[in-house]
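Lettering follows sequence order; numbering is per chain, from 1.
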Amino acid sequence: MSLKESFREEVKRRVDAALKGMQASPIYEMESPDSDIADLAIPCFGLAKQLRRSPMVIAEELASLIEADGPIQEVKALNGYLNFRMDQHALFDDTLKGIIRDGQDYGRGKRKGIKINVEHTSTNPTGPIHVGRARNPIIGDTLSRCLRMCGYDVETEYYVNDVGKQVVLLTWGVNNIDPSSVDKSDRDKDDHQLVFYYRVANKRMEEEPSVQAEIASMLQRFEDGDPEVIELVRETAEKMMAGLKATLRSIDVELDVYTWESKYIADGSAKDVVRRLKETPYCGMEDGAAYLELKDFGIHGKNTRFTFTRNDGTTLYTTRDLAYHLDKFGRCDRAIDVLGEDQKLGNQQLIIALEILGSEKKPEPMFYSFVSLPEGKMSTRRGTVVYLDDLIDEAVERAYEEIGKRRDDLSEEQMRGIARTIGVGAVRYNIVRVQPEKQLTFRWNEALNFDGNSAPFLQYSYARACSMLRKAGDFQPVQDSHLLEDDFEKRLLRSLSRFPEVVRESGEERKIHAMAAYGQELAASFNQFYAAVPVLSSKAERDSRLTLVLCTRTVLANVLHCLGIGAPEEM
RNA sequence: GGGCGCGUGGCCUAGCUGGAUAUGGCAGCAGCCUCCUAAGCUGCAGGUCGGGGGUUCGAAUCCCUCCGCGCUCGCCA
């Protein structure tokens, strides 16, 4: 049990005993207020009714009945609250020891032996990743890292939609449109080149009935299993995917598994799902198409039908998605899907259908709202997009300029390397710092913010700590906090002690923005300490303070690691 | 129209399983490099927590209602 847990237990034990002495039933809340007020507080308002006395009086009475010793350093009544302070030095010593002992594993939860599959990104291979969708890989990757830190075995997976009209349309375009009639991207990446074919193909399909017919027949041949068309589509999708993977790599996102949707047609599992669904009592037919009636499952709206075959018996995306999830469940204990908010209804239907199929596992969706532009929604088809590649380039370039303003002692290569770390970090942090369900409007000046609540702020603090430790040379770490008496030092120690709880919250409750907020808090505590307390020039306290810097560096590194953001040793 | 989500200082945001003066940041103003990286630090200013009802000792938080924004309601993916 951690020190904080045993403190909590002890408080509970003593409050229970005191209430018993007052002939009151021990029904009360325990909360953690701001750390400058108390470590643990019990509001006495609820007890006031029971005891027919004012909360202030009750708090005073309880305070007089409870002695401060052991893990409890102080008991105080204030404003109708009974406030407890834990033995700070015990906590601080414990924190320092823990960080020095565990290093990069400080805050890591116990290995759980539970395998979680996190599916994320999964954007259609019809165009480059744009900022509207960029939340997906960044949220997915960050969540995966936080879950690993919690002690789960995590596998990340990209579900490639290589089936259906969109990708066939693109394939038609690539193979039938005269390249000289298509705009060229100045970026030498297949996803950027190919998207122009996609746009032209879309336009021509809308305008020319002959093109529409051609694409329809191609789609038909694809679904009939024509190897020639399948090969062509696969080729195009592979090219697109190579571009998408390169983009992901540039923001330090790599996925463990790529699963192609066409697999579930080829291996017959999608057909199998159709067969099984048709045997259920919820199945109905309309004009030859099979559907599930979901009105008894809490689905509202005009249409409670979940159609799972076309009238020619071929499968739909949702059918294959069912087969995919059943397959995935066989490979993990839990499955988390990071999805755009447009998938909400579909996902709800998917979960019900899985239940009808008798699946014991359910996917756990995590939704995010789309990023829009000030002038409206982003659209690959219309070309009203900001591409992630362009955002990254711009961010890295900006970071490079900033380094140039500050440093003249670095090589070109060093500057480029640091610029990349900072630029990419800034973009990732900016997305992860807000709750996923908040709708976001993309603005260049906000996306490229390097001050305040930003990745460079955390990175700067880390680099600062590194620099101090470099200058300090060898020293003996002091795993004892008795020389750290300053308020700035105490606040920093308190922040450091909170990290394990933040790991738990970010993974277990899937609040990855809590990790970002914590990083900001820790960096701020450190910078304040830095400004107020001399370290290298101090005498008796030097080793103690250097230990504090060392521990801060370790925890900042762990935070940045959870966020998937690089930790530059200088900047 | 139905469902789901969001609405917090000029802008972004935390808090939302009810509790003490509503958290940070950006932009603004005023200071701080003879000391460990000023991408930093200190201070000032800025709030009807969308509006209105209700529940409660207590509401940003729960309930009702209205308003605004987003997503969605395909034999698309």
Q: For Phe457(A), answer base if it contacts any base atom (sugar-phosphate contacts may also be present), sugar-phosphate if it contacts only those atoms, and nothing otherwise; contact means non-hydrogen atoms under 4.0 Å.
A: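 Sugar-phosphate, no base atom in range.
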Q: What integer number of Å spans the C1' atoms of rG52(B) and rC67(B)?
A: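 Taking atom C1' in both rG52(B) and rC67(B), they lie 10 Å apart.
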Q: If you measure from the P atom in rC69(B) to the same atom in rC76(B), how many Å do you get, rounded?
A: 31 Å
Q: Measuring only the P atom in each nucleotide, how far is rG10(B) from rC49(B)? A whole number of Å is fine.
A: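 It comes out at 12 Å once rounded to the nearest Å.
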Q: Strictly by Watson-Crick or wobble contacts shorter than 3.5 Å, is anything paired with rA14(B), and which nucleotide is it?
A: none
Q: Within the structure shown, what part of the strands sits under 4.0 Å from Asp287(A) by heavy-atom distance: base, sugar-phosphate, or nothing?
A: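 Result for Asp287(A) = base.
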Q: Does rC76(B) have a Watson-Crick or wobble partner in any strand here, with both distances under 3.5 angstrom, and which is it?
A: none
Q: Taking the nucleotide of RNA chain B with the nearest heavy atom to each, does Glu570(A) or Ile37(A) sit closer to the 5' end?
A: Ile37(A)
Q: Indicate, with a heavy-atom threshold strictly under 4.0 Å, whether Asn347(A) touches base, sugar-phosphate, or nothing.
A: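 Touches nothing.
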Q: Once you apply a heavy-atom cut-off of 4.0 Å, does Asn124(A) come out as touching a base, just sugar-phosphate, or nothing?
A: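 Answer is sugar-phosphate: Asn124(A) comes under 4.0 Å of backbone atoms only.
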Q: What contact category does Ala531(A) fall into here, base, sugar-phosphate, or nothing, at under 4.0 angstrom with non-hydrogen atoms?
A: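 If one applies the 4.0 Å heavy-atom cut-off, Ala531(A) turns out to touch the sugar-phosphate alone, with no base involved.
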Q: Round to the nearest Å and state the distance from Gln349(A) atom CD to rC75(B) atom P.
A: 10 Å
Q: Would you state whether a donor and an acceptor, one from the side chain of Asn445(A) and one from the base of rA27(B), lie under 3.5 Å apart?
A: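 No pair found.
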Q: Would you mind calling rC33(B) syn or anti? Take O4'-C1'-N9-C4 for purines or O4'-C1'-N1-C2 for pyrimidines, and syn is within 90° of 0.
A: syn
Q: Looking at Phe450(A), does the NZ or CZ of Arg398(A) lie under 6.0 angstrom from its six-membered ring centre and within 45 degrees of the ring axis?
A: yes
Q: Evaluate the ring planes of Phe297(A) and Tyr282(A), with Trp represented by its six-membered ring, and classify them as parallel (under 30°), tilted (30 to 60°) or perpendicular (over 60°).
A: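 Judged by the thresholds at 30° and 60°, the geometry between Phe297(A) and Tyr282(A) is perpendicular.
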Q: Examine the side chains of Ser454(A) and Asn449(A) and answer whether a donor and an acceptor come within less than 3.5 Å of each other.
A: no
Q: Of all the nucleotides listed (rA14(B), rG40(B), rC36(B)), which has the minimum atom distance to the side chain of Tyr530(A)?
A: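 The answer is rC36(B), which lies nearest to the side chain.
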Q: Starting the side chain at C-beta, find the nucleotide from rG15(B), rC12(B), rG5(B) nearest to Gln439(A).
A: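 Among the listed nucleotides, the one closest to the side chain of Gln439(A) is rG5(B).
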Q: For Gln520(A), answer base if it contacts any base atom (sugar-phosphate contacts may also be present), sugar-phosphate if it contacts only those atoms, and nothing otherwise; contact means non-hydrogen atoms under 4.0 Å.
A: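 It contacts sugar-phosphate atoms only.
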Q: Using the side-chain heavy atoms of Thr318(A), tell me which of these nucleotides is nearest: rG15(B), rA77(B), rG40(B).
A: rA77(B)
Q: Calculate the interatomic distance between Glu521(A) atom CD and rG25(B) atom P; express it in whole Å.
A: 12 Å
Q: Could you check whether Asp337(A) and His120(A), counting side-chain N and O atoms only, form a donor-acceptor pair closer than 3.5 Å?
A: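 There is no such pair between these side chains.
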Q: Between Phe442(A) and Trp444(A), what is the ring plane arrangement, given parallel below 30°, perpendicular above 60°, and tilted in between?
A: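 Plane angle over 60°, so perpendicular.
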Q: Arg433(A) CZ to rC26(B) P: how many Å, rounded?
A: 11 Å
Q: Would you mind telling me which of rC71(B), rC6(B), rA77(B) lies closest to the side-chain atoms of Glu341(A)?
A: rC71(B)
Q: Between atom CD in Glu31(A) and atom C1' in rA20(B), what is the gap in whole Å?
A: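 Glu31(A) atom CD is separated from rA20(B) atom C1' by 8 Å.
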Q: For Leu492(A) and rC41(B), what is the distance between atoms CG and P respectively, to the nearest whole Å?
A: 13 Å
Q: Find the partner of rU61(B): check Watson-Crick (N1-N3 plus N6-O4 or O6-N4) and G-U wobble (N1-O2, O6-N3) distances, both under 3.5 Å, and reply none if neither fits.
A: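 By the stated definition (distances under 3.5 Å), nothing pairs with rU61(B).
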Q: Only pairs with both distances under 3.5 Å count, Watson-Crick or wobble alike; so what is the partner of rU48(B) in this structure?
A: none
Q: Is it the case that the side chains of Glu293(A) and Thr304(A) hold a donor-acceptor pair, with the cut-off being a distance below 3.5 Å and no angle test?
A: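 Checked: Thr304(A)/Glu293(A) side chains pair up, N/O donor to acceptor below 3.5 Å.
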Q: Looking only at side-chain atoms of Met468(A), point me to the closest of rC36(B), rG70(B), rC57(B).
A: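 Shortest atom-to-atom distance from the side chain points to rC36(B).
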Q: In whole Å, what is the span from the CZ atom of Arg443(A) to the P atom of rG10(B)?
A: 15 Å
Q: Looking only at side-chain N and O atoms, does Arg310(A) come under 4.0 Å of OP1 or OP2 in rG74(B)?
A: no
Q: Does a donor on one side chain sit under 3.5 Å from an acceptor on the other, for Arg320(A) and Thr315(A)?
A: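 Side-chain D/A pair, Arg320(A) to Thr315(A): present.
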Q: With a 4.0 Å cut-off on heavy atoms, is Ala517(A) in touch with a base, just the backbone sugar-phosphate, or nothing at all?
A: nothing
Q: Could you please name the option among rA27(B), rA77(B), rA20(B) that lies closest to any side-chain atom of Asp451(A)?
A: rA27(B)
Q: Who is the Watson-Crick or G-U wobble partner of rC4(B), with both distances under 3.5 Å?
A: rG70(B)
Q: With a 3.5 Å limit on both atom pairs, tell me what rC41(B) is paired to, counting Watson-Crick and G-U wobble, or say none.
A: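 Paired with rC41(B), as far as the under-3.5 Å criterion goes, is rG31(B).
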Q: Out of rC26(B), rA77(B), rG5(B), which has the shortest distance to the side chain of Leu316(A)?
A: rA77(B)
Q: Under 4.0 Å between a side-chain N/O of Arg53(A) and OP1 or OP2 of rC57(B), yes or no?
A: no
Q: In this structure, how many angstroms lie between the C1' atom of rA38(B) and the CZ atom of Arg464(A), rounded?
A: 8 Å
Q: Which part of the nucleic acid, if any, lies within reach of Leu440(A) when heavy atoms closer than 4.0 Å are counted: base, sugar-phosphate only, or nothing?
A: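 The residue Leu440(A) makes no contact with any strand.
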Q: Could you check how far CE of Met30(A) sits from P of rU17(B), rounded to whole Å?
A: 20 Å
Q: Scan Val549(A) against the nucleic acid and name what it touches under 4.0 Å (heavy atoms): base, sugar-phosphate only, or nothing.
A: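 The residue Val549(A) makes no contact with any strand.
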Q: Report the distance from atom CZ of Arg199(A) to atom CG of Leu169(A), rounding to the nearest 0.5 Å.
A: 12.5 Å
Q: Any chance you could lay out the salt bridge (Lys or Arg N to Asp or Glu O under 4.0 Å) test for Glu402(A) and Lys405(A), step after step, and finish with the verdict?
A: CA-CA 5 Å; Glu402(A) 292 297 320; Lys405(A) 282 187 211 162; 3.0 Å; yes
Q: Need one value for Ala472(A): base, sugar-phosphate or nothing, where a base atom within 4.0 Å counts as base even if backbone is also close, heavy atoms only.
A: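 The residue Ala472(A) makes no contact with any strand.
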Q: Categorize Asp342(A) for me: base, sugar-phosphate, or nothing, with a 4.0 angstrom heavy-atom threshold over every strand shown.
A: sugar-phosphate
Q: So what does Glu569(A) hit on the nucleic acid, given a heavy-atom distance under 4.0 Å: a base, only sugar-phosphate, or nothing?
A: base
Q: At 4.0 Å (heavy atoms only), tell me whether Ser467(A) reaches a base, stays on the sugar-phosphate, or touches nothing.
A: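 If one applies the 4.0 Å heavy-atom cut-off, Ser467(A) turns out to touch a base.
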Q: Can you figure out which of rC36(B), rC41(B), rC11(B) approaches the side chain of Val535(A) most closely?
A: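 Output: rC36(B).
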Q: Which listed nucleotide (rA77(B), rC4(B), rC16(B)) is nearest to the side chain of Lys344(A)?
A: rC4(B)
Q: If I pick the C1' atom on rG68(B) and the same atom on rG50(B), what distance separates them, to the nearest angstrom?
A: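 Going atom to atom, C1' in each nucleotide, I get 8 Å.
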Q: I want to check a possible cation-pi pair here: Arg234(A) against Trp260(A), using under 6.0 Å from ring centre and within 45° of the ring axis as the test.
A: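 The answer is yes, since Arg234(A) meets both limits relative to Trp260(A).
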Q: For Val168(A), report the nucleic acid contact type (base, sugar-phosphate, nothing); a contact means any heavy atom under 4.0 Å.
A: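 Result for Val168(A) = nothing.
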Q: Counting heavy atoms from C-beta on, name the nucleotide in rG70(B), rA20(B), rA14(B) closest to the side chain of Lys438(A).
A: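 Ranking rG70(B), rA20(B), rA14(B) by closest atom to the Lys438(A) side chain puts rA14(B) first.
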Q: Using heavy-atom distances to pick each residue's nearest nucleotide on RNA chain B, tell me which of Lys471(A) and Lys165(A) is more 5'.
A: Lys471(A)
